[in-house]
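Below is one structure; the comments refer to it alone.
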There are 2 protein chains.
Amino acid sequence: MSPRRVTLADVAKAAGVSRTTASLVLSGRGRELRISQDVEQRVLKTAEELQYRPNIVSRGLRTGSSRTIGFVSDTVATSRLAGDMIKGALEGARDRGFMLFIGETEGDAELERLLLQAMHDRQVDGLILASMFTRTIKVPKTITAAPAVLLNALPKQPAPLPAILPDEVEAGRRAARVLLDAGHRDGIYLIGAGPRLRDVPTESLAAVERLIGIREALGEAGVQVAGARTCPDWQPDYGLEATRDLLRTVQPRALICFNDRIAMGAYQALDDFGLKVPADVSIVSFDDHPIASWVRPQLTTVALPHYELGRKAVDVLFTEIERDRSAAGGVGEVHRVPMPVRHRESVAPSSAAGSSG
Amino acid sequence: MSPRRVTLADVAKAAGVSRTTASLVLSGRGRELRISQDVEQRVLKTAEELQYRPNIVSRGLRTGSSRTIGFVSDTVATSRLAGDMIKGALEGARDRGFMLFIGETEGDAELERLLLQAMHDRQVDGLILASMFTRTIKVPKTITAAPAVLLNALPKQPAPLPAILPDEVEAGRRAARVLLDAGHRDGIYLIGAGPRLRDVPTESLAAVERLIGIREALGEAGVQVAGARTCPDWQPDYGLEATRDLLRTVQPRALICFNDRIAMGAYQALDDFGLKVPADVSIVSFDDHPIASWVRPQLTTVALPHYELGRKAVDVLFTEIERDRSAAGGVGEVHRVPMPVRHRESVAPSSAAGSSG
DNA sequence: ATCGGGCGCTAACCCGATTTAGCAACGAGT
DNA sequence: ACTCGTTGCTAAATCGGGTTAGCGCCCGAT
């Protein structure tokens with residue numbers, strides 16, 4: 001059997017004071033409420049000796065705060081891709097002495113309802129609703145029971161919820177600029193989505209935004225996308241198939257793959273056609289999945305800042321909790337986290353390149 | 001501001017009964033304590049109408065249970081490899097109406113201490129101590145404050161803690177048998193560890209056990225390991241280097257790679273030497289990392305049952321919690337979860353194969 | 001009339017903290 | 001001597017439930 005914990009009453013008794021006094025001293029309000037140095041020291045010493053630790057459950061009952069936040073996702077907890085989001089959230093929470101409840105909904109609305117309920121039953125101070133991939137989600141009504149933020153997602157209907165998202169449009173621009181900077185102007189193809197804004201996988205916000213950024217940066221340089229192949233799902237086999245299909249008709253000079261798994265498929269297709277990366281074809285991609293540094297040559301990619309997203313979500317959530325305490329209404333601001341370029345080996349200067357900057 | 005929750009007192013008042021009566025009815029003890037049908041129905045109806053939900057924090061204060069378990073790992077939450085362990089644990093907990101606290105220690109003992117403390121402060125009913133890779137760990141003393149199990153780890157010093165681990169020895173046997181069944185008897189090399197039991201990465205229990213299983217199964221068939229290359233860390237680049245080194249002197253007929261990332265490096269090395277998988281060299285591996293089905297040909301591998309490990313850990317933890325309640329002492333049983341073979345495309349019959357029975 | 005006993009419900013205490021209101025002792029001012 | 005203000009501490013209420021002991025009532029038996 002586990003031994004009984006030391007309680008405030010134990011400390012008070014051992015120090016020969018009332019529970020009130022012990023509580024005041026230990027919560028640092030002793031000075032303010034005129035507890036003598038003598039008593040203060042005695043209480044602190046006793047607490048130390050007995051290894052007293054306040055019971056947060058009990059405190060929570062009184063104060064209404066459990067010093068806990070809930071992290072609810074569709075399936076983010078099990079995807080390595082986004083595991084770092086949890087890590088960021090975890091560390092942000094830890095810095096403030098908060099713990100993290102984790103829950104997965106598998107995209108099931110009923111499960112989500114039950115999960116949120118279970119978290120509210122445990123008096124979470126706030127909630128993070130995360131999505132595995134960037135998209136719009138239907139915000140459950142019960143969410144209003146506590147402060148909340150959206151992570152990697154936007155509300156389908158307008159809602160006063162802050163959202164934290166990667167800056168995908170800028171990422172698109174950056175990917176395009178990597179190629180432009182290497183002198184590429186012709187034979188740039190897209191694998192995964194495009195060329196039109198509606199040629200994207202269902203619900204994928206990232207696809208649309210990346211596409212916008214790509215077209216914008218290329219457009220500014222007076223460059224046209226030479227063509228594109230869409231993929232119903234962004235997995236290696238679809239990337240392989242799409243790229244093969246492309247190579248049967250044209251020889252691209254550069255590929256912008258919409259994520260690293262697609263890029264892996266593209267590598268395989270290029271290999272099949274005897275084309276070398278980056279000598280024959282340059283490749284730039286998105287996500288910075290571990291695979292990006294495992295393939296050869298290593299893949300130049302625009303990284304999803306998972307860790308930063310998780311941390312930012314917690315930061316925003318805490319300002320939201322603050323706001324809630326002051327009874328102020330939320331506004332639903334959208335926070336964009338920059339996606340950094342990881343320069344590796346899959347991009348070479350265009351052989352047709354003129355001046356280099 | 002979030003609206004105030006409906007409390008038991010609200011229900012009691014609305015139903016015109018005492019809090020006691022309401023509590024008895026709602027906790028199902030009404031019949032036992034002779035509450036009339038009439039009152040019982042009234043209370044249930046009122047609770048339903050007011051959408052009453054008991055506050056678990058409050059209940060926890062009285063009963064000592066928070067209906068929550070803690071999942072503490074070195075860095076398991078952020079590794080896709082092991083994310084499914086969390087998923088398994090999550091679902092096991094959910095089935096019992098429990099939530100999961102998540103925490104990472106980064107291998108830092110002080111962080112671990114603080115984390116366990118924070119969890120105990122929140123009255124967790126039990127703890128799962130998980131490791132990202134199978135190994136022995138130093139069990140913190142404070143662990144005795146609540147029931148606990150080890151996941152993917154064994155205690156360094158003898159401790160009465162149950163442990164849940166993949167059956168690595170049998171996995172080793174299975175990997176070897178995959179090759180034996182395909183008729184391979186000669187030219188079988190190991191990449192990652194071996195050939196001696198002490199030729200393994202530091203602290204890696206999996207390496208030792210897989211090696212034991214491999215040697216056992218091969219030995220029973222009267223087959224010798226032709227040679228081996230160790231890797232200081234089981235990453236693709238080390239696998240690549242080790243395999244290259246091997247290919248400079250011999251031409252293997254089959255490789256047993258100690259995990260899929262190493263196998264990926266091996267693929268690259270074989271490609272460099274113009275050798276085809278599986279026509280020239282068969283490969284069998286461990287883990288069933290996503291990459292195993294992305295490489296071509298797809299990799300035959302013995303899967304780590306992450307999901308089952310997580311679930312099993314929760315199951316064992318609950319029997320442990322039960323045991324704790326009955327004040328019985330723990331025994332520290334070791335539970336082994338089978339690792340299934342994923343037959344894919346990287347193993348071909350040995351060209352020198354004779355009879356196949 | 002009195003007692004015993006089952007029935008149906010509730011008062012009151014408990015969990016472990018926080019917090020409000022206020023008490024006792026003492027010195028200073030009038 | 002009396003009021004007033006500090007100082008230093010504590011009693012008691014509170015959070016939202018679970019749990020124990022027992023109260024009032026009615027019926028039947030003595």
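The model shown is predicted, which means the values in this text are computed figures rather than measured ones. Proteins come first, then strands; the chains are lettered A, B, ... in the order of their sequence lines, and each starts at number 1.
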Figure out the CZ/P separation between A:R122 and D:dG16, and round it to whole Å. 17 Å
Could you tell me whether the side chain of A:R5 reaches within less than 4.5 Å of the side chain of A:Q51, counting heavy atoms only? no
Minimum heavy-atom distance between A:L100 and A:F71, given as atom pair plus value: CG-CB, 4.1 Å
With a 4.0 Å heavy-atom cut-off, tell me which residues in residues 34-47 of chain B come close to DNA chain C, sorted by residue number. B:R34, B:I35, B:S36, B:V39
Is the side chain of B:R325 donor-acceptor paired with the backbone N or O of B:I321 at a distance under 3.5 Å, no angle test? no
Residue pair A:T68 / A:R122, side-chain heavy-atom distance below 4.5 Å: no
Assess whether a salt bridge exists between A:E40 and A:R31, defined as any Lys/Arg side-chain N lying under 4.0 Å from an Asp/Glu carboxylate O. yes
Is A:K87 salt-bridged to A:E91, cutoff N-O under 4.0 Å? no
Terminal axis angle for the helix from C:dA1-D:dT30 to C:dT30-D:dA1, five pairs an end, nearest 10 degrees: 90°
Atom pairs and distances, side-chain donor-acceptor, residues 109-116 of chain A, under 3.5 Å, sequence neighbours left out:
| residue | atom | partner | partner atom | Å |
| --- | --- | --- | --- | --- |
| A:E110 | OE1 | A:R113 | NE | 3.1 |
| A:E110 | OE2 | A:R113 | NH2 | 3.0 |

Assign a letter to each nucleotide of nucleotides 16-21 of chain C from its 5' end: B, base within under 4.0 Å of a protein heavy atom; S, sugar-phosphate only; -, no contact. BBBBB-
For residues 9-16 of chain B, tabulate all N or O donor-acceptor pairs below 3.5 Å that involve a side-chain atom, not counting sequence neighbours.
| residue | atom | partner | partner atom | Å |
| --- | --- | --- | --- | --- |
| B:D10 | OD1 | B:R4 | NH2 | 3.4 |
| B:D10 | OD2 | B:R4 | NH2 | 3.0 |
| B:D10 | OD2 | B:T7 | N | 2.9 |
| B:D10 | OD2 | B:T7 | OG1 | 3.4 |

Which pairs, with at least one residue in residues 96-133 of chain A and sequence neighbours excluded, count as a ring pair (Phe, Tyr, Trp, His ring centres under 6.0 Å)? A:F98-A:F318, A:F101-B:F101
Is B:E308 salt-bridged to B:R311, going by a charged N under 4.0 Å from an acidic O? no
